[in-house]
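Inspection log for the structure reproduced underneath, given as structure tokens.
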2 protein chains.
Amino acid sequence: MAKTSQTAGLHRASLAKLHELDAALELMYYGWRGMTLEADGYLAKQGLSRPHHRILYVVARRPDIAIGALIEILGISKQALNRPLNLLLERKLLTSKRSPEQHRSKLLRLTEAGRRIEQRASDHERKVLRAAFDRVGATGAAGWVGVMEAIADNN
Amino acid sequence: MAKTSQTAGLHRASLAKLHELDAALELMYYGWRGMTLEADGYLAKQGLSRPHHRILYVVARRPDIAIGALIEILGISKQALNRPLNLLLERKLLTSKRSPEQHRSKLLRLTEAGRRIEQRASDHERKVLRAAFDRVGATGAAGWVGVMEAIADNN
DNA sequence: CTCCTCATGTCAACTATGTTGACTTGAGGT
DNA sequence: ACCTCAAGTCAACATAGTTGACATGAGGAG
């Protein structure tokens with residue numbers, strides 16, 4: 001047993017640093033993995049994955065969003081959205097109904113089951129973040145937010 | 001023109017926040033994108049992508065690494081490594097030679113061209129990080145590192 | 001010398017996630 | 001009746017990964 005660890009590739013700091021910022025670069029990589037690892041595991045147990053979670057996440061925060069707006073926010077083509085979206089509808093994690101006035105658009109909402117899965121998956125990610133913030137305190141957390149905002153706004 | 005923006009999906013903060021930590025969660029997502037966006041664009045112009053960069057990055061920091069060790073660090077199967085690795089060898093961004101004693105292993109090294117591409121791609125990422133660190137100062141940067149270490153160690 | 005091990009290499013089949021392009025459907029407005 | 005627009009669907013393709021099976025070639029053990 002124990003051929004290669006499940007978290008293969010996550011051997012932080014096993015590489016020489018060629019630049020001062022290499023450590024930060026690797027921290028971003030491993031940070032993303034660290035935040036999403038448990039959530040992805042949970043989603044896999046539900047037969048879902050990251051794209052499904054992204055859909056659920058957005059719809060949870062924009063009830064009655066139309067397909068076109070969802071496509072815009074996710075940044076993928078409607079064809080790419082099609083399969084995961086249909087799976088979520090089939091599994092009754094999402095409902096779609098036509099708008100009363102704007103009858104051309106379909107409006108998406110989470111069902112209770114969908115809301116539960118979205119919450120649990122996101123909770124796994126938030127749990128990791130909360131633990132990290134708790135460990136460094138308010139000042140450190142504020143620094144993290146400042147840095148991440150600067151990076152994120154690099155569009 | 002201007003059908004949908006190239007940075008589609010990167011409309012930060014267009015979503016309602018259901019939890020206090022939702023903003024942080026989204027910052028991680030957009031932060032990762034923000035850091036890798038330019039580097040991915042540069043790599044695409046070279047006919048390469050993220051997996052190629054990961055290989056170059058690791059080999060740059062572990063000259064004479066063997067295939068098996070590379071597989072371990074990257075956390076992918078040898079079959080998955082095969083194609084991008086062969087492309088890099090064909091394009092002479094990497095060289096492989098057999099070890100003098102350990103003749104069973106092949107040792108990988110970057111060529112000058114490979115080193116240049118690795119540096120430029122990583123520079124795009126480091127540039128974004130440096131700008132963010134500069135904007136928040138040493139205290140904020142230290143906070144960021146503390147938080148990211150806590151998250152990354154969540155294996 | 002033969003046999004076993006071990007690192008590497010390769011072939012095939014499959015899954016998942018995405019892309020473009022082309023076309024259909026169905027509702028609304030003119 | 002005609003046009004537009006949101007949505008849905010089909011096909012072909014690219015990329016990045018998986019497992020399984022098998023080949024090759026060097027070293028070590030007998």
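Numbered from 1 within each chain, the chains take letters A, B, ... in sequence-line order.
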Distance-only check: which donor-acceptor pairs under 3.5 Å involve side-chain atoms of residues 127-148 of chain B, not counting sequence neighbours?
| unit_1 | atom_1 | unit_2 | atom_2 | d |
| --- | --- | --- | --- | --- |
| B:Lys127 | NZ | B:Glu38 | OE1 | 2.5 |

Cut-off 3.5 Å, no hydrogens considered: what does the side-chain donor-acceptor table look like for residues 87-96 of chain A, sequence neighbours left out?
| unit_1 | atom_1 | unit_2 | atom_2 | d |
| --- | --- | --- | --- | --- |
| A:Arg91 | NH1 | A:Gln46 | O | 3.1 |
| A:Arg91 | NH2 | A:Gln46 | O | 2.8 |

Side-chain donor-acceptor contacts of residues 75-84 of chain B below 3.5 Å, not counting sequence neighbours, with atom names and distances?
| unit_1 | atom_1 | unit_2 | atom_2 | d |
| --- | --- | --- | --- | --- |
| B:Ser77 | OG | B:Ala80 | N | 3.2 |
| B:Asn82 | OD1 | B:Asn86 | ND2 | 3.2 |

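Atom pair B:Asn86:CG and C:dG9:P shows a separation of 8 Å (rounding to whole Å applied). The distance between atom CD of A:Glu72 and atom C1' of D:dA7, rounded to the nearest whole Å, is 15 Å. For A:Leu85 and D:dA6, the CG to P distance is 17 Å, given to the nearest whole Å. Per the geometry, CD1 belonging to A:Ile71 stands 14 Å off C1' belonging to C:dT19, to the nearest Å. Distance B:Leu107 CG to C:dA7 P: 14 Å, rounded to the nearest Å. Atom P of nucleotide C:dG9 and atom CG of B:Leu70 are separated by 11 Å, given to the nearest angstrom. We find that CG of A:Leu89 is positioned 15 Å from C1' of D:dT9, with the value rounded to whole Å. Regarding B:Asn82, its CG atom lies at a distance of 19 Å from the P atom of D:dC22, rounded to whole Å.
Listed by first then second residue, pairs satisfying salt bridge (Lys or Arg N to Asp or Glu O under 4.0 Å) with a partner in residues 58-67 of chain B read A:Asp22-B:Arg61, B:Arg61-B:Glu118, B:Asp64-B:Arg109, not counting sequence neighbours. Residue pairs that meet the ring-ring contact (aromatic ring centres under 6.0 Å, His included) test with at least one member in residues 47-72 of chain B, sequence neighbours left out, do not exist here.
The heavy-atom pair separating B:Leu25 from A:Ser122 by the smallest distance is CD1-O, 4.1 Å.
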- Between protein and nucleotides 13-21 of chain D, map the contacts as a letter string: B base, S sugar-phosphate only, - none, heavy atoms under 4.0 Å, written 5' to 3'. ---SSBBBB
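Contact between the side-chain N/O atoms of A:Lys106 and the OP1/OP2 oxygens of C:dA27 is not found at any separation under 4.0 Å.
Checking A:Leu48 against B:Ser96, the closest nucleotide of DNA chain C that is more toward the 5' end is the one next to B:Ser96.
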